[in-house]
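Below you'll find the structure, written out as structure tokens, and then a few comments.
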There are 2 protein chains.
Amino acid sequence: MATLKDVARLAGVSVKTVSNVVNGYSFVKPDNRRRVEEALEATGYRPNLGARNLRRGRTGFIALVLPELSIPYFAELAGLVIAAAQDHEWNVLIEQTFGTLAGERSALASLGPHLVDAAILSPEALQVDDFQLPVPAVLLGEHAVDVPISRVGIDNVAAAQAAVRHLVSLGHQRIAAIGAHPHRGTAALRLEGYRRALAEASLPLVDELVVPALNYHRADGAAAMRSLLDLRTPPDAVFCFNDLLAIGAMRAAGERFVRVPQDLAVVGFDNNEESVYSSPSLTSVAPDKAAIAQAAVDLLHRRVESGDALENVETPFSLQVRESTVAR
Amino acid sequence: MATLKDVARLAGVSVKTVSNVVNGYSFVKPDNRRRVEEALEATGYRPNLGARNLRRGRTGFIALVLPELSIPYFAELAGLVIAAAQDHEWNVLIEQTFGTLAGERSALASLGPHLVDAAILSPEALQVDDFQLPVPAVLLGEHAVDVPISRVGIDNVAAAQAAVRHLVSLGHQRIAAIGAHPHRGTAALRLEGYRRALAEASLPLVDELVVPALNYHRADGAAAMRSLLDLRTPPDAVFCFNDLLAIGAMRAAGERFVRVPQDLAVVGFDNNEESVYSSPSLTSVAPDKAAIAQAAVDLLHRRVESGDALENVETPFSLQVRESTVAR
DNA sequence: CATCGTTGTTCCAACGTTGTAAAGACTGAG
DNA sequence: CTCAGTCTTTACAACGTTGGAACAACGATG
């Protein structure tokens, strides 16, 4: 692998002049510039990022800490973050926490200024004390706890409210919610949106229709749906806090010969690609994932470059209405 | 951020002694060791990986080059590769190519010994000339072209054959295949498995039943299925070269009121989690993804450590029979 | 022609780490 | 009490890069 020294020797100039050319710096005589460029070409020089970053005090990496890549939402988001990071010449390091406190703590511990310049976090279990981060960070989703860190995400209350309003507007009366969770900020907000939508329609909030889900996997949605169908009076509609729960719920409904959407309307959240092709296709709240990824990366870049203050960026969402919801 | 120097000063020893303690090296007096360890603890020292790797001539990273994280198969695989890489203290850098030649070339160009120690590649369009890699690499899937690089993957011919045999054993006679592709080695092998299974059952190979797919997304599967259903005599079963195609195919069948599995049996390939919860759930060839990830990382580690020769690792697969296939 | 400012180049040091070689401390044998 | 041998620590250099100071060359100015 060619180094600056090799290029310099070949071009007959000093190492620093080559460095200057490489970095587009200052004043270099056209003649020298040409010779250096030829030498660069000839040697196929590529800067050693480790050395450069050691010198510059940067690493060229950002961390993306998320529960699990096998969850479609995070996989899609990761892809978008990688793409957005390229604009700032950042490489992305992905850490999986599997949604556990231990996993999140160990991911955070491995972070540090020597490894990454900044971090994007999607925590699910972290406590206040954990947020002593050694690098600038931005939270995706919600502050589970009140902590001074930048955040990017949608208005979860409004989004959930929109989803449930949609069900209300179709004439549903007994609307269940799947995905309540004791420690997740996001869950609390979506539940609040659900509450508000019911309240404004003067529908009662029925405890037995609010079902918790510990993980947000398909299996959890199926289990929750089964428990709802076991009720004396099952719901006529269900709002799931993510698409995987909804997919699981639809599956469980199918197994009990409950037809979606005729007997049961289903709304999801995240708008996974999977939900467009499920049978029936799934009505879902669609956060603008590209906007989230872009905003998070840009925000961190500003923080690192100019030490900007904390920010709270709200990204848009929409409701994608599909086959899983029809009027009664 | 504390450096070796800080720790050394605090412990009252030289930098090198601290380095020796950190690396578990040679002989250090118990007394000094203790003092150093206390100082390490007190300062919260973490090695600067950039500097260490600069010195060691390693980077501590491997690249994972794949088409797209939003494809569930690759997302799952990426998660497993990250987990496997941790065992060797490797961080994983993910590059997306979006299945284009340009994307793959640019990903490869960005690779280099200064950035990564090794690379795991899932190419779809690369040509022979492109495989002048500057670091040890392993191919997942197939050699699209004949090229001297290690490979990890399943026996695609046998796997496809098993899938189609399953359809044959259920009494299907007109079995279509979706996913033929002019440049993908994997597609050619799965097609060969399809051919062999038909041949051994003395079923004719009908050209119009072999449908190409340019990408392997759900939309391509749906489009291919529509063209099959437009045939004068549509198939009674279809073997899709991945699960996304199968999901799309089932969706298209549903839209035409063709019932799966009664009117049409469907088999997929990859065994995505999505396929367990689709309605109907999808019979699918299940490669052992964890084994693939582990084998790929281990192989690279051996290559880097001891310069081992090329290898060709075959990982196991199984056929997961679900609702999408029943006897005629 | 001395001075000055501008432009262009080089030298040196430093980022934090570790391999090498050499120096220092200690042990036991003669 | 010396010497060899072993154990332990240290100084130094180097990995490839870049910021800053120093230096050189140049034309323009007084």
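Order of the sequence lines sets the chain letters (A, B, ...), proteins ahead of strands, with each chain counted from 1. Computed from a predicted structure; not experimentally measured.
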Listed by chain and number, what are the side chain to side chain contact (heavy atoms under 4.5 Å, CB included) partners of [X], not counting sequence neighbours?
X	result
Leu133(B)	Leu108(B), Leu121(B), Phe131(B), Ala137(B), Ile149(B)
Ala290(B)	Leu80(B), Asp288(B)
Val15(B)	Leu4(B), Lys5(B), Ala8(B)
Lys29(A)	Asn32(A)

Quick one: what's the B/S/- string for nucleotides 15-23 of chain C, heavy-atom cutoff under 4.0 Å, read 5' to 3'? BBBBBB---
Got a second to check how far His88(B)'s NE2 is from His301(B)'s NE2, nearest 0.5 Å? 5.0 Å
In whole Å, I'd like the distance from the CZ atom of Phe27(A) to the P atom of dG8(C). 7 Å
Does any non-hydrogen side-chain atom of Val135(A) lie less than 4.5 Å from one of Asp117(A)? no
Give a yes/no on whether any side-chain N or O of Ser14(A) is located under 4.0 angstrom from OP1 or OP2 of dC11(C). no
OP1 or OP2 of dT10(C) under 4.0 Å from side-chain N/O of Thr17(A): yes
Identify whether the distance between the nearest side-chain nitrogen and carboxylate oxygen of Arg302(B) and Asp298(B) falls below 4.0 Å. no
Are the side chain of Arg184(B) and the backbone of Leu214(B) linked by a donor-acceptor contact shorter than 3.5 Å? yes
Give each protein N/O atom lying under 3.5 Å from an N/O atom of nucleotides 22-25 of chain D, with the pair distance.
none

